[in-house]
Amino acid sequence: QVQLVQSGSELKEPGASVKVSCKASGYTFSMYAINWVRLAPGQGLQWMGWINTNTGNPTYAQGFTGRFVFSLDTSVSTAYLQISSLRAEDTAVYYCAREQSTTANDYWGQGTLVTVSS
Amino acid sequence: QSVLTQPPSVSGAPGQRVTISCTGSSSNIGAGYDVHWYQQLPGTAPKLLIYTNNNRPLGVPDRFSGSKSGTSASLAITGLQAEDEADYYCQSHDSSLSGHVVFGGGTKLTVL
């Protein structure tokens, strides 16, 4: 069965970096794009961007350029989200999701809580 | 400020019907982009509820239905149940944002 399994919760100090992983199984990794979505406390879902799992080409939403990097390791069917120069406002749950050809996200990771605090 | 506007909250008694609106504009829903709906139960990841305006994935009860007209879309839930209490989000794309994904602000459904 299709699964996206994300890495565990992270507690980081301001200015540090974090790398969240999203390991896919149960399907051909390169056939479906991966979207990244943020859920900050008290806010709604926010699309961060997506990565083409065939070419590795990332696309970033407004507000998620510069400090955010999407990457892949296709040998282990894993997508990564790296955030540098962490700020308190980066505290959120980060989700990866598989995008269907219809553009709907049909499978989601369980989410990774990133807490930025000194 | 979300590109797609949803009511912050709706409520209904068990067995009742509720609808959640998703209002967009000529650059997103009105431009012909499809609308998808997600249900997020407390403490869990979002779950795809409706795709391509009015289609249910396998396993989603037919109590849930979607529609789209003009620059808006709606999610209807009939026979409301306690386990339907969750946050609901619409999703589409927007041509003024290079066709990027946009989410509605989310609607909290309370079952009274």
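Letters A, B, ... are given to chains in the order of the sequence lines, protein chains preceding strands, and every chain is numbered from 1.
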| request: Report the distance from atom CZ of A:Phe29 to atom CG of A:Leu72, rounding to the nearest 0.5 Å. | output: 5.0 Å

| field | Inter-residue atom distance A:Gln100.CD - A:Tyr107.OH, 0.5 Å rounding | value |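 Rounded to the nearest 0.5 Å, the CD-OH separation comes out at 9.0 Å.
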
| task | Using non-hydrogen atoms and a 4.5 Å limit, figure out which bit of A:Val37 sits close to chain B: side chain, backbone, both or neither. | result |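 For A:Val37, the side chain is the part near chain B, not the backbone.
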
[X] side chain to [Y] side chain, donor-acceptor N/O pair below 3.5 angstrom:
X: A:Tyr95; Y: B:Gln40; answer: yes
X: A:Asp73; Y: A:Ser75; answer: yes
X: A:Asn35; Y: A:Asn105; answer: yes
X: A:Thr112; Y: A:Gln6; answer: yes

| Do you know which of A:Gly109, A:Ala104, A:Gly49 has the most heavy-atom pairs under 4.5 Å to chain B? | A:Ala104

Region of [X] in contact with chain A, defined by heavy-atom distances below 4.5 Å:
X: B:Ile50; answer: neither
X: B:Tyr33; answer: neither
X: B:Ser98; answer: neither
X: B:Gln6; answer: neither
X: B:Pro57; answer: neither

| task | Against chain A, work out which of B:Val102, B:Leu48, B:Thr44, B:Val101 has the most heavy-atom pairs shorter than 4.5 Å and name it. | result | B:Val101

| task | For chain A, find which of B:Gln91, B:His36, B:Lys47 contributes the most heavy-atom pairs closer than 4.5 angstrom. | result | B:His36

| Does a side-chain N-to-carboxylate-O contact under 4.0 Å join B:Arg63 and B:Asp84? | yes

